[in-house]
Amino acid sequence: MVELYPEFYNDVFGPLMQPGSSSHMAAPCRAGFLCNSLLGEDVAGILVEMDQEGSFTGTFGQMNEDLGMLNGAMGRMPDDAGFFSIKPYLREQGIPFRFDFCSMKESPHINALKFTLTGVSGKTATLVANSTGGGMIETVYVNGYAFSGKGDTYVLCVFDPEQSLNEREVQDLVARRQTVMEQGSGQGRQGGVMHWFKLDGPPNGELSAALTELSWAVMKPVLPVPTTTAKRPQLFDTMAAWRQLASEQGKSLPDVAIDYEVAASGWSREQVVSYMRDVLKPAMHRRTHALYEEPVTPLCTPFTELHYQKWDSSMSTLPLDLGVISKSIRYVMAGQPPVPGVLNVPGPMGTGGGFLYGAVSAVQEELGLSEDDVLRGLFVGAGVGAICYTRTSPTGEVIGCTGECGCCAAMTAAAITEMLHGTPEQVEAAASFALQSAVGWPCDPIPGGKDMPCMARVLFIASMSIVFSQWALAGQDPVLPFHEVVDVADKIGRGLSGDLLCTARGGHCDTPTARCVTARFRAWHHQQ
């Protein structure tokens with residue numbers, strides 16, 4: 001069995017996706033993709049069920065949840081070029097789709113959903129999954145059989161509704177023909193059993209031929225870094241351990257962070273660096289700079305606001321000179337409006353690595369730093385993010401906006417401090433300051449509320465990350481090591497009521513004005 005733990009390109013930075021929410025759009029898309037791969041034929045009908053008290057119900061439509069679900073059901077990933085045209089496409093093809101808000105029995109998770117796909121032959125496939133934050137998913141049931149997986153491997157499912165198969169014989173049949181990393185079985189809700197195998201790749205020809213007489217299907221991986229037998233144990237889960245490794249080995253924090261990802265991914269060092277340098281960094285830059293550098297047009301509705309335009313126009317009239325903070329806000333705001341075709345890189349929230357890149361880019365420009373300086377900062381930010389993902393679930397549906405804005409601020413403050421050649425202790429201090437100040441924040445986006453209060457908190461990342469970096473470089477003691485602050489954030493966040501966890505029921509959403517705005521938005525979305 002290969003032990004899973006958070007890594008940079010599956011958990012911290014990503015997925016590459018069209019504009020929308022990673023937990024509310026990309027994760028449902030990935031779940032739908034898994035169900036599509038189970039079906040194994042063209043889709044003739046789509047049903048998506050969500051709990052009426054869950055998070056998807058409260059925000060439905062605001063974060064492109066529906067588009068993510070439909071694209072995934074059709075076998076498309078979150079970065080598909082035709083993402084925003086999925087509804088017209090389905091109508092043109094005569095493929096009916098329906099969203100039901102009901103009482104979910106299969107999973108109590110606040111972000112649970114169930115896909116039922118009907119194929120052209122009349123065959124059906126079902127999949128129940130939970131969105132666990134940052135685009136990550138946890139599969140709960142496959143065709144009614146219990147299963148736990150993250151979409152990180154090829155999963156061979158052998159169905160035995162009558163329990164007529166010998167489990168040992170099925171296991172031997174598979175193991176003799178292909179490398180199996182993990183195997184097990186799951187009971188069916190209506191009886192029977194499913195034997196499952198996490199493979200090192202798609203079933204080879206010999207294995208496929210041997211399965212001819214059995215009922216089987218394969219779920220393809222949805223994560224960019226599939227789990228392989230090359231995965232090694234996690235190098236660190238605290239900044240203290242990270243700093244100790246760097247000291248003992250005579251390496252920098254970024255170098256040890258790269259070692260972490262080499263161990264996690266099984267990739268070579270050059271592959272790890274190349275993916276950050278040549279794939280993610282350009283995508284982050286484009287997302288936070290495209291509106292200034294390209295002839296692109298953001299999507300607008302009666303309920304959105306182009307904040308970056310107002311900020312730019314105010315800079316010539318407002319009396320305060322905010323310097324690098326003003327530029328950071330400029331780029332972060334430019335990464336806010338959705339621009340079809342300009343991909344998001346959540347980290348764990350928002351765009352440009354969770355808006356991290358907007359602040360990093362501003363610091364680079366103001367101080368004339370190199371591309372290598374930025375790369376060092378990104379790897380340190382990724383390492384901080386991996387610690388967050390290890391010790392908590394940095395998503396609004398689990399620990400509130402602390403898990404998104406707070407963790408992003410910690411990643412950003414640490415990245416900037418590394419870029420400015422702070423000591424490892426100062427890097428940790430900057431991360432600790434940032435997260436300490438965000439503990440206890442609810443996640444309460446107002447549907448149709450012009451990105452509030454989210455945008456106000458995003459400005460916290462853009463400005464205070466720079467301030468906290470400067471404070472750390474000045475030698476201020478944060479008192480608490482970063483991992484202890486993450487643990488506090490987790491404990492307090494999990495104590496918040498469900499109304500404060502991205503359900504659009506509590507916090508700022510539970511005001512007279514917000515309720516009116518939400519009602520208008522939902523009426524408008526229904527008409528669309």
Side-chain angles (χ1 to χ4, degrees), residues 1-17 22-23 26-38 68 72 75-79 107 109 111 113 115 127-142 145-157 174 178-186 194-203 217-235 237 260-268 271-272 275 279-280 345-348 382 385-386 388-390 393-395:
M1 177 178 176
V2 179
E3 182 180 355
L4 297 182
Y5 57 84
E7 63 90 54
F8 298 171
Y9 303 143
N10 286 343
D11 300 87
V12 181
F13 287 137
L16 286 167
M17 54 181 282
S22 56
S23 62
C29 183
R30 285 171 158 179
F33 179 92
L34 290 179
C35 193
N36 179 279
S37 66
L38 276 175
R76 301 178 180 183
M77 293 295 276
D79 61 348
S107 172
H109 196 283
N111 268 3
L113 72 165
F115 284 87
L127 185 133
V128 179
N130 304 325
S131 166
T132 58
M136 301 295 284
I137 59 173
E138 177 187 25
T139 308
V140 178
Y141 282 101
V142 172
Y145 297 94
F147 174 75
S148 179
K150 293 188 175 182
D152 61 306
T153 60
Y154 285 89
V155 180
L156 169 64
C157 305
V174 177
Q178 193 157 345
T179 300
V180 176
M181 292 183 288
E182 187 179 351
Q183 64 189 24
S185 60
M194 178 184 78
H195 308 286
W196 55 263
F197 305 85
K198 295 183 178 181
L199 305 177
D200 63 344
V218 174
M219 288 189 292
K220 303 173 185 177
V222 297
L223 299 183
V225 184
T227 299
T228 71
T229 54
K231 193 179 188 78
R232 302 199 301 275
Q234 186 173 15
L235 287 188
D237 62 3
Y260 179 106
E261 181 59 21
V262 168
S265 64
W267 291 1
S268 70
Q271 283 177 298
V272 168
Y275 193 80
V279 178
L280 292 187
V345 186
C388 291
Y389 271 96
T390 299
S393 182
T395 174

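Just the heavy atoms: all of them, side chains too, but no hydrogens, waters or symmetry mates, feed the values below. We number each residue from 1, following the sequence as shown.
Within the model, atoms CE of M136 and NZ of K150 stand 5.5 Å from one another, a figure rounded to the nearest 0.5 Å. Note that the NZ atom of K231 and the OH atom of Y5 stand 5.0 Å from one another [nearest 0.5 Å]. How far CE of M219 is from OH of Y154: 13.0 Å, rounded to the nearest 0.5 Å. Expressed to the nearest 0.5 Å, how far CD1 of I137 lies from CG of L34 amounts to 4.5 Å. Going from atom OH of Y9 over to atom CG of L16 covers 11.5 Å, rounded to the nearest 0.5 Å. Going from atom CD of Q178 over to atom CG of D200 covers 5.0 Å, rounded to the nearest 0.5 Å.
Residues passing the side-chain hydrogen bond (donor to acceptor under 3.5 Å, both in side chains) test with S107, sequence neighbours excluded: N130. Taking the side chain to side chain contact (heavy atoms under 4.5 Å, CB included) definition, one finds that K198 meets it with F147, T153, V155, E182, W196, sequence neighbours left out. By the side chain to side chain contact (heavy atoms under 4.5 Å, CB included) test, A146 pairs with Y141, sequence neighbours left out. Among residues two or more places apart in sequence or in another chain, the side chain to side chain contact (heavy atoms under 4.5 Å, CB included) test is passed with P346 by P15, M17, S22, N344. Scanning for ring-ring contact (aromatic ring centres under 6.0 Å, His included) contacts around Y389 gives an empty result, with sequence neighbours left out. Under the side-chain hydrogen bond (donor to acceptor under 3.5 Å, both in side chains) criterion, S148 pairs with no residue, sequence neighbours left out. Applying the side chain to side chain contact (heavy atoms under 4.5 Å, CB included) rule to P224 yields the partners N10, R30, Y275; only residues at least two apart in sequence or on another chain are considered. Under the side-chain hydrogen bond (donor to acceptor under 3.5 Å, both in side chains) criterion, S268 pairs with Q271, sequence neighbours left out. Residues passing the side-chain hydrogen bond (donor to acceptor under 3.5 Å, both in side chains) test with D152, sequence neighbours excluded: T227.
Taking each heavy atom of V345 and G14 in turn, the nearest pair found is CG1-N, 4.1 Å. Taking all atoms of both residues into account, the shortest heavy-atom contact from S23 to S131 is O-OG, 2.7 Å. Looking at every heavy atom in both residues, M194 comes nearest to C157 through SD-CB, 3.7 Å. Across all their heavy atoms, G72 and N36 have their closest contact at O-CB, 3.8 Å. Heavy-atom minimum distance, V218 versus P203: CG2-CG, 3.5 Å. Smallest separation of non-hydrogen atoms from A263 and P233: CB-O, 4.0 Å.
You'll find the side chain of V174 reaches within 4.5 Å of the side chain of L199, heavy atoms only. Annotation: side chain of F33 is not in contact with side chain of R76 (no heavy-atom distance under 4.5 Å).
Here the side chain of E7 pairs no donor or acceptor atom with the backbone of A264 at under 3.5 angstrom. For the pair T228 (side chain) and A230 (backbone), a donor-acceptor distance under 3.5 Å is present.
Checking Y260 against Q234 by side-chain atom types alone, a donor-acceptor pair falls below 3.5 Å.
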